[in-house]
Amino acid sequence: MELTAGFDRAIACAFTGHRPRALPWGVNEGDPRCLAAKERLDEAVVRAYELGYRHFICGMAQGADLYFGEAVARLRLIHPDLTLEGAVPFPEQCKRWPLPDQRRYYDLLDRCDMETLIQQSYTPQCMHRRNRYMVDHSSRLIALYNGRGERGGTLSTLHYAMEQGVEIDIVEILD
């Protein structure tokens with residue numbers, strides 16, 4: 001069985017989801033739709049735990065990725081047997097983000113049990129490589145997805161996960 005940094009793929013769960021620009025609430029996390037989506041995401045993480053998943057992989061992007069990583073970090077307070085991996089596409093991933101988002105990123109990265117650096121510098125393909133890494137090292141994918149669009153990283157990751165036979169749990173975004 002394939003291992004990721006000592007973790008059995010069979011108990012690893014990855015995540016994909018939209019950045020703020022594709023979320024109906026944008027950056028307003030106080031919006032009732034965001035609060036409801038975060039609650040459903042928390043439920044999806046608990047469901048994965050109840051199914052035996054113990055290692056969670058987060059792509060560390062703005063928006064839904066950070067929601068996911070934070071949900072796993074909260075669940076770990078109750079279940080310390082969980083591990084959280086930050087899959088970082090390149091070292092300066094958050095350099096151009098607003099300062100509050102950078103702080104949030106580094107706070108979450110500090111709470112990760114491990115960090116996997118996908119490549120040493122930015123290239124147009126680094127996010128795609130990060131997404132494939134996460135799918136290739138997990139057997140379940142949780143997706144915060146709006147069900148729209150013919151392009152983008154979330155849809156591409158979902159398609160790749162389906163091709164690889166990875167179990168998918170879609171958390172719908174309600175408008």
Side-chain angles (χ1 to χ4, degrees), residues 4 12-49 53-79 82-119 122 126-135 137-138 140-146 149 152-158 161 168-174:
T4 173
C13 176
F15 177 79
T16 190
H18 297 295
R19 307 257 182 2
R21 69 182 172 273
L23 297 170
W25 54 84
V27 296
N28 180 8
E29 293 184 42
D31 185 293
R33 296 168 297 180
C34 180
L35 297 173
K38 285 182 176 184
E39 185 174 317
R40 288 191 307 280
L41 185 56
D42 284 347
E43 291 166 359
V45 171
V46 168
R47 197 165 40 249
Y49 180 84
Y53 292 89
R54 297 296 182 266
H55 184 67
F56 293 81
I57 309 170
C58 177
M60 302 300 296
Q62 284 175 294
D65 280 20
L66 295 180
Y67 305 166
F68 170 78
E70 291 166 348
V72 172
R74 283 190 301 276
L75 186 60
R76 188 172 50 197
L77 296 173
I78 302 165
H79 300 288
L82 292 182
T83 56
L84 178 59
E85 175 182 355
V88 177
F90 66 103
E92 296 180 341
Q93 178 179 12
C94 74
K95 184 178 181 179
R96 295 182 183 203
W97 298 1
L99 193 55
D101 288 351
Q102 288 183 37
R103 285 190 200 112
R104 188 174 185 181
Y105 171 91
Y106 286 116
D107 177 62
L108 181 58
L109 203 54
D110 285 343
R111 291 187 280 166
C112 287
D113 298 286
M114 60 180 294
E115 176 183 337
T116 300
L117 180 61
I118 303 303
Q119 60 186 56
Y122 174 82
C126 66
M127 304 301 180
H128 177 74
R129 288 185 69 213
R130 184 260 333 263
N131 295 343
R132 284 188 172 239
Y133 166 84
M134 292 190 303
V135 169
H137 290 85
S138 62
R140 184 178 184 86
L141 179 72
I142 297 173
L144 185 62
Y145 181 59
N146 65 14
T154 301
L155 184 58
S156 173
T157 304
L158 281 166
I168 297 172
D169 184 357
I170 294 180
V171 177
E172 291 186 55
I173 296 172
L174 307 175

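Predicted, not measured: the structure shown is a model, and the values here were computed from it.
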N/O donor-acceptor pairs under 3.5 Å from side chains in residues 88-98, not counting sequence neighbours:
residue : atom : partner : partner atom : Å
Gln93   : OE1  : Tyr105  : OH           : 3.3
Gln93   : NE2  : Gly59   : O            : 3.3
Gln93   : NE2  : Met60   : O            : 3.2
Trp97   : NE1  : Gln93   : O            : 3.3

Residues forming a salt bridge (charged side-chain N to carboxylate O under 4.0 Å, His left out) with [X], sequence neighbours excluded:
X      : result
Arg130 : none
Arg104 : Glu29, Glu70
Arg111 : Asp107
Arg54  : Asp81

Sub-4.5 Å side-chain heavy-atom contact between [X] and [Y]:
X      : Y      : result
Tyr53  : Ser138 : no
Ile173 : Trp25  : yes
Cys13  : Ile142 : yes

Let me confirm one number: the [atom1]-[atom2] distance from [X] to [Y], rounded to the nearest 0.5 Å.
X      : Y      : atom1 : atom2 : answer
Arg19  : Gln62  : CZ    : CD    : 7.5 Å
Leu41  : Arg47  : CG    : CZ    : 9.5 Å
Thr157 : Leu141 : OG1   : CG    : 7.0 Å
Asp65  : Thr16  : CG    : OG1   : 6.5 Å
Phe56  : Met134 : CZ    : CE    : 14.0 Å
Leu158 : Ile170 : CG    : CD1   : 5.0 Å

key: Sidechain-backbone polar pair: Arg140 side chain, Asp169 backbone, donor-acceptor under 3.5 Å   =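 No, the answer is negative, given that no donor and acceptor are paired below the 3.5 Å cut-off.
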query = Do the side chain of Thr154 and the main chain of Gly17 share a donor and acceptor less than 3.5 angstrom apart?
reply =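 Indeed, once roles are kept as given, a pair shorter than 3.5 Å links the two residues.
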inquiry  = Could you walk me through whether Leu23 and Tyr67 satisfy the side-chain contact (heavy atoms from CB on, under 4.5 Å) test, starting with their C-alpha distance in whole Å, then the side-chain angles of each, then the deciding distance to 0.1 Å, before giving a yes or no?
reply    = CA-CA 12 Å; Leu23 297 170; Tyr67 305 166; 3.7 Å; yes
task = Run the numbers on Leu108 and Leu84 for side-chain contact (heavy atoms from CB on, under 4.5 Å), then give the verdict.
result = CA-CA 10 Å; Leu108 181 58; Leu84 178 59; 3.9 Å; yes
query = Partners of Asp42 by side chain to side chain donor-acceptor pair (under 3.5 Å), sequence neighbours excluded?
reply =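 Side chain to side chain donor-acceptor pair (under 3.5 Å) check on Asp42 returns Arg74.
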request  = Taking atom CD of Glu115 as the centre, report whether more than 12 heavy atoms of other residues, nucleotides or ligands fall under 6.0 Å from it.
outcome  =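 Atom CD in Glu115 is crowded, with more than 12 foreign heavy atoms closer than 6.0 Å.
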Looking at residues at least two apart in the chain, or sitting in another chain, which of them share a side chain to side chain contact (heavy atoms under 4.5 Å, CB included) with [X]?
X      : value
Val27  : Pro20
Leu99  : Gln102, Arg103
Arg129 : Ile118, Gln119
Thr83  : Phe7, His55, Asp113

inquiry  = If I compare all heavy atoms of Ala161 with all of Ile168, which pair ends up nearest, and what's the gap?
reply    =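 For Ala161 versus Ile168, the nearest heavy atoms are CB-CD1, 4.0 Å.
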inquiry  = Which heavy atom of Leu35 sits nearest to which heavy atom of Gly30, and what is that distance?
reply    =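 Smallest heavy-atom distance, with atoms named: CD1-O, 3.6 Å.
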ask   = What pairs with His79 under ring-ring contact (aromatic ring centres under 6.0 Å, His included), at least two apart in sequence or on another chain?
value =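 Per chain and number, His79 pairs via ring-ring contact (aromatic ring centres under 6.0 Å, His included) with Tyr49.
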inquiry  = List the residues meeting ring-ring contact (aromatic ring centres under 6.0 Å, His included) with Phe68, not counting sequence neighbours, and say none if there are none.
reply    =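 Only Phe15 meet the ring-ring contact (aromatic ring centres under 6.0 Å, His included) criterion with Phe68.
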